[in-house]
Student: 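The structure follows.
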2 protein chains.
Amino acid sequence: MSRRPSPDPDRPGDGGAPAARRRPDPARRNARSRAAILGASLQLVGEVGYARLTIEAIAARAGVGKQTIYRWWPSKAAVLLDAFTESGGGEGAEDAAVPDTGDLGADLRAVLRATADEFSDPEFEAPYRALAVAGAQDAELSREFDARLADIGTELYVARLRSAREAGQIRDDVDLRLAAEMLTGPFFQRWLARRGPLDHAFTDALVDAVLAGLRPRG
Amino acid sequence: MSRRPSPDPDRPGDGGAPAARRRPDPARRNARSRAAILGASLQLVGEVGYARLTIEAIAARAGVGKQTIYRWWPSKAAVLLDAFTESGGGEGAEDAAVPDTGDLGADLRAVLRATADEFSDPEFEAPYRALAVAGAQDAELSREFDARLADIGTELYVARLRSAREAGQIRDDVDLRLAAEMLTGPFFQRWLARRGPLDHAFTDALVDAVLAGLRPRG
DNA sequence: TCTTGACGAGACGCAACGTCTCGTTCCATG
DNA sequence: CATGGAACGAGACGTTGCGTCTCGTCAAGA
């Protein structure tokens, strides 16, 4: 398993852990192959679903050797995570924000409606569901997934709610993170477990119900 | 609900109703084997997780031929669903109810605390997570899972909330189902996606936040 | 008693797994 | 420009688990 023909060139001779295996050099990576792999994985997860997605099929579709996938990614879920984030799936993630028109209810309704539409789009749905499923089974991947996608989404709600709190539109003692989870949790549950329609009527009612608990008493 | 999944190739050439492929006779079923299979599947899913759970391992552990599993269940998830419901996992399902002491907040806090404890127990966690994951990938199984476990749980909250509504403790226009989802959704999301600690502090805060939006105004 | 069908056991062909050569291609360095 | 090394496409390899298919055994109903 561990063959070390020569002293590791890629590890400064510190007392660190023995570099597991000759690490590939990212500088020599073939960008075309990488793009083809990511594209093929998105296509295939849409066609056959995550359970029947195989590394061999991705390699074949991408016109790439299997080793080129195994060299750069530890699992098919990791491939999909890269594919999804780079395809614009996390498009709303880094830059975007919940709009702030001053009307908290309207802003949240608009965002949740748009999110519902997005989650109804098969091209978004298939890989995102695959990642949610994989994350539920693998804590390591889950952390990565959250850091790159889910947490960021939550943070957008927290930011918008903070703005509303500062404007006195919701109570001072509101737990912003919990409030954000009250918006995303029922949505997530309905979507992932297919527990009901993900339509605008639902998201509007959800926003209203949550906000009813946040407003200053009076 | 679950018909024979595959077409019936062995059919004497009459034009009559397509009798399913030699359906096994439940009356002749070996109860000992069945119990051994269910027990082995619960053990194994706890030991290796759902992704690495195999029918072959279940058969070997149960001291049973593989065909005996394939004869009675369409998938490993279906085995697990039977195993879980019969092990008492759905114990709170059919008979149990949310207590009704008259204090809605206290009742809900107690139930959600108990649920959090249950979901922190590995023996409950492993199979339930497996079923949630399998259901997220398979709509058919998801319906079965909901019908036998999840929907029933939701209905318990709805019943308790209805009682509270009739007692005038929450507003008349409250959507009971949505309110129930606001209790279970954030909980489910935290648990499945490991998005935070599932402790009593969380469940208490969740109950309080939801109830804040349900109480009569004034 | 005789027939039937579930049973334990496991062989079978197949699909993917993840690892491992092969040449080949591409790039940095000399 | 020449050369060596590393990533590349391709695919062979042994392994695992799939789902199907015999076997001979056994228990219960006709």
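Predicted model only: the values in this text are computed from it and were never measured. Both backbone and side-chain heavy atoms feed into the values below; hydrogens, waters and symmetry mates do not. Convention: sequence-line order gives letters A, B, ...; per-chain numbering from 1.
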Student: Starting the side chain at C-beta, find the nucleotide from D:dC8, C:dC17, C:dA6 nearest to B:P24.
Tutor: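 It is C:dA6.
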
Student: Could you list all N or O pairs between the protein and nucleotides 26-28 of chain C that sit under 3.5 Å apart?
Tutor:
none

Student: Kindly compute the distance separating CG (A:D146) from CD1 (A:I152), expressed to the nearest 0.5 Å.
Tutor: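 That separation rounds to 10.0 Å.
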
Student: For D:dG19, take OP1 and OP2 only and decide whether either is under 4.0 Å from a side-chain N or O of B:W73.
Tutor: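 Indeed not, no polar side-chain atom of B:W73 lies that close.
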
Student: Could you state the interatomic distance from CD (A:E118) to OG1 (A:T115), rounded to the nearest 0.5 Å?
Tutor: 6.5 Å

Student: Can you name the residues that form a side chain to side chain contact (heavy atoms under 4.5 Å, CB included) with A:A77, not counting sequence neighbours?
Tutor: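 With sequence neighbours excluded, A:A77 shows a side chain to side chain contact (heavy atoms under 4.5 Å, CB included) to A:Y50, A:S75, A:A134, A:L141, given in chain and number order.
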
Student: To the nearest angstrom, how far is B:K66 atom NZ from C:dA6 atom P?
Tutor: 19 Å

Student: For the side chain of A:S33, starting at C-beta, report the closest nucleotide among C:dA6, D:dG9, D:dA12.
Tutor: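 So the side chain of A:S33 is nearest to D:dG9.
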
Student: Taking the six-membered ring of A:W72 as reference, does the NZ or CZ atom of A:R29 fall below 6.0 Å from its centre and within a 45° cone about the axis?
Tutor: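 Judged by the rule, A:R29 and A:W72 form a cation-pi pair.
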
Student: Whole angstroms only, please: what is the CG-C1' distance between B:D25 and D:dA27?
Tutor: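 In whole Å, D:dA27 C1' and B:D25 CG are 13 Å from each other.
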
Student: What closest approach, in Å, do B:A132 and B:L192 show between heavy atoms, and which atom pair accounts for it?
Tutor: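 Answer, listing the atom of B:A132 first, then B:L192: CB-CD1, 4.1 Å.
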
Student: Has B:T68 got a side-chain N or O lying under 4.0 Å from the OP1 or OP2 atom of C:dA6?
Tutor: no

Student: Let me know which of B:F188, B:F202, B:F187 forms a ring pair (Phe, Tyr, Trp, His ring centres under 6.0 Å) with B:F119.
Tutor: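 Testing B:F119 for a ring pair (Phe, Tyr, Trp, His ring centres under 6.0 Å) against B:F188, B:F202, B:F187 leaves exactly one candidate, B:F187.
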
Student: I need the minimum non-hydrogen distance between A:S33 and A:T68, along with the two atoms involved.
Tutor: CB-CG2, 4.5 Å

Student: Please list, in numerical order, the residues of residues 127-137 of chain B that have a heavy atom closer than 4.0 Å to any atom of DNA chain C.
Tutor: none

Student: State which of D:dA12, C:dC7, D:dA10 makes the closest approach to the side chain of B:R71.
Tutor: C:dC7

Student: Rounded to the nearest angstrom, tell me the gap between atom OH in B:Y70 and atom P in D:dT22.
Tutor: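 Going from B:Y70 (OH) to D:dT22 (P), I get 17 Å.
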
Student: I'd like to know if A:R160 and A:E155 make a salt bridge, using a cut-off of under 4.0 Å between side-chain N and carboxylate O.
Tutor: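 Looking at A:R160 and A:E155, the cut-off is not met.
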
Student: Is the shortest side-chain N/O distance from B:W72 to OP1 or OP2 of C:dG5 below 4.0 Å?
Tutor: no

Student: Please identify each residue that fulfils side chain to side chain donor-acceptor pair (under 3.5 Å) with A:D82, with sequence neighbours left out.
Tutor: A:W73, A:R148

Student: Just checking, any donor-acceptor pair under 3.5 angstrom between side chains of B:E181 and B:T154?
Tutor: no

Student: Applying side chain to side chain contact (heavy atoms under 4.5 Å, CB included), can you list everything that pairs with A:I55, at least two apart in sequence or on another chain?
Tutor: A:I69, A:Y70, A:K76

Student: Side chain of A:R29 only, heavy atoms from C-beta on: which candidate in D:dC8, C:dG18, D:dT20 is closest?
Tutor: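 Nearest listed nucleotide: D:dC8.
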
Student: Expected output is a numbered-order residue list: members of residues 36-64 of chain A with a heavy atom under 4.0 Å from any atom of DNA chain C. What is it?
Tutor: A:T54, A:I55, A:E56

Student: Take the protein atom CD of B:Q67 and the nucleotide atom P of D:dT25, then report the distance between them rounded to whole Å.
Tutor: 19 Å

